[in-house]
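The next block holds one structure in the form of structure tokens; read it before the comments.
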Amino acid sequence: MNDELHERIRAVIADVPAGTVATYGDVAALSGAPSPRMVGRALAEDGHDLPWHRILRANGTPAPHLLHEQLERLRAEGVLADGQKVDLRKYRWRPDGDEPSEDEPPGLF
DNA sequence: CGCGTGACGTATC
DNA sequence: AGATACGCCACGC
């Protein structure tokens with residue numbers, strides 16, 4: 001049943017901690033969705049109970065009709081957005097990856 | 001059963 | 001910045 005897939009997608013989204021964001025592609029990969037678009041559809045149809053505002057696009061921009069709403073919610077959680085884009089490399093959710101041993105060394109780049 | 005369309009995408013040109 | 005190609009699923013005809 002596809003319901004299981006929906007449940008899995010929702011589970012992954014529900015597993016995203018506050019102050020963190022994830023992309024549709026990430027959720028799709030983690031949930032096993034065949035395509036990131038299914039994630040968006042799953043949310044549009046059944047994401048009313050989920051922190052959908054933590055799900056952004058690959059470039060860090062949320063959906064157009066929810067852009068403002070989403071940014072407001074994210075801001076409330078500590079995720080600041082620059083006009084419309086969010087720093088994915090900074091707020092991107094990492095599955096249990098508390099490993100500050102890489103990524104951005106201070107002063108570099 | 002096939003086809004067209006929509007849906008909160010992504011990557012590439 | 002825009003347009004295009006690809007992908008998967010649900011719905012209506």
Side-chain angles (χ1 to χ4, degrees):
Chain A
M1 322 285 194
N2 293 356
D3 292 343
E4 184 172 329
L5 180 59
H6 274 234
E7 287 293 323
R8 197 172 306 177
I9 293 174
R10 295 165 72 189
V12 173
I13 296 173
D15 210 17
V16 178
T20 315
V21 298
T23 67
Y24 289 92
D26 289 352
V27 175
L30 294 172
S31 62
S35 182
R37 211 161 212 183
M38 289 277 44
V39 179
R41 211 180 69 73
L43 265 97
E45 305 240 327
D46 211 4
H48 48 75
D49 286 85
L50 292 165
W52 52 270
H53 55 271
R54 295 191 193 133
I55 308 304
L56 307 171
R57 295 199 235 179
N59 65 341
T61 55
H65 50 278
L66 298 167
L67 190 148
H68 185 66
E69 175 73 12
Q70 202 152 5
L71 292 181
E72 288 279 301
R73 288 170 176 262
L74 289 174
R75 187 178 65 173
E77 295 188 352
V79 180
L80 302 181
D82 172 28
Q84 57 185 24
K85 295 180 197 164
V86 179
D87 293 343
L88 280 179
R89 63 179 186 177
K90 182 178 180 182
Y91 298 107
R92 186 164 173 167
W93 174 44
R94 196 173 255 228
D96 230 314
D98 290 314
E99 227 37 62
S101 289
E102 59 177 314
D103 249 294
E104 293 154 46
L108 189 60
F109 193 89

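Basis for what follows: all heavy atoms, side chains included, without hydrogens, waters or symmetry-related copies. Convention: sequence-line order gives letters A, B, ...; per-chain numbering from 1.
For the C1' atoms, the distance from dG6(B) to dC8(C) is 13 Å, rounded to whole Å. Annotation: dC13(B) and dG7(C) have their P atoms spaced 16 Å apart (nearest Å). dC13(C) and dA7(B) have their P atoms separated by 16 Å, given to the nearest Å.
For Leu43(A) and dC8(B), the CG to P distance is 10 Å, given to the nearest whole Å. Taking atom NZ of Lys85(A) as the reference point, atom C1' of dA1(C) lies 10 Å away to the nearest angstrom. One atom, CG of Asn59(A), and another, C1' of dA11(B), lie 12 Å apart when rounded to the nearest Å. Rounding to whole angstrom units, CG of residue Leu5(A) and P of dC9(C) are separated by 8 Å. The CG atom of Asp46(A) sits 14 Å away from the C1' atom of dA10(C) (whole-angstrom rounding). We find that CZ of Arg41(A) is positioned 18 Å from P of dT5(B), with the value rounded to whole Å. A straight line from CD1 of Ile9(A) to P of dC8(B) spans 14 Å, rounded to a whole angstrom. Going from atom CZ of Arg37(A) over to atom C1' of dC8(C) covers 9 Å, rounded to whole Å.
Pro51(A) has its side chain within reach of Ile13(A): a pair of non-hydrogen atoms, C-beta onward, lies under 4.5 Å apart.
Scanning residues 13-33 of chain A for heavy-atom distances under 4.0 Å to DNA chain C yields an empty list.
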Working for side chain to side chain contact (heavy atoms under 4.5 Å, CB included), residues Tyr91(A) and Arg54(A): CA-CA 10 Å; Tyr91(A) 298 107; Arg54(A) 295 191 193 133; over 6 Å; no
Evaluation steps, side chain to side chain contact (heavy atoms under 4.5 Å, CB included), between Val39(A) and Asp26(A): CA-CA 10 Å; Val39(A) 179; Asp26(A) 289 352; over 6 Å; no
Residues Val12(A), Trp93(A); criterion side chain to side chain contact (heavy atoms under 4.5 Å, CB included); working and verdict: CA-CA 11 Å; Val12(A) 173; Trp93(A) 174 44; 4.0 Å; yes
Trace of the side chain to side chain contact (heavy atoms under 4.5 Å, CB included) decision for Leu80(A) with Arg75(A): CA-CA 5 Å; Leu80(A) 302 181; Arg75(A) 187 178 65 173; 3.8 Å; yes
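Contact record, Thr23(A) with Ala58(A): CG2-CA, 4.1 Å, taken as the closest heavy-atom pair.
Of the candidates dG9(B), dC8(C), dC8(B), dG9(B) carries the atom nearest the Arg57(A) side chain, counting heavy atoms from C-beta on. Comparing dG6(B), dC8(C), dG9(B) against the side chain of Pro34(A) picks out dC8(C) as the nearest.
Checking side-chain atoms of Thr20(A) against main-chain N and O of Val16(A) turns up no donor-acceptor pair under 3.5 Å.
Among the candidates Glu77(A), Glu69(A), Gln70(A), the single residue satisfying the side-chain hydrogen bond (donor to acceptor under 3.5 Å, both in side chains) test with His53(A) is Glu77(A).
No side-chain N or O of Glu45(A) forms a donor-acceptor pair with one of His6(A) less than 3.5 Å apart.
For DNA chain C, runs of at least 3 consecutive pairs of the Watson-Crick or G-U wobble type, with both hydrogen-bonding distances under 3.5 angstrom, map to B:2-6 with C:9-13, B:9-13 with C:2-6.
Looking at heavy-atom distances under 4.0 Å, Ala58(A) makes contact with sugar-phosphate atoms alone, never a base.
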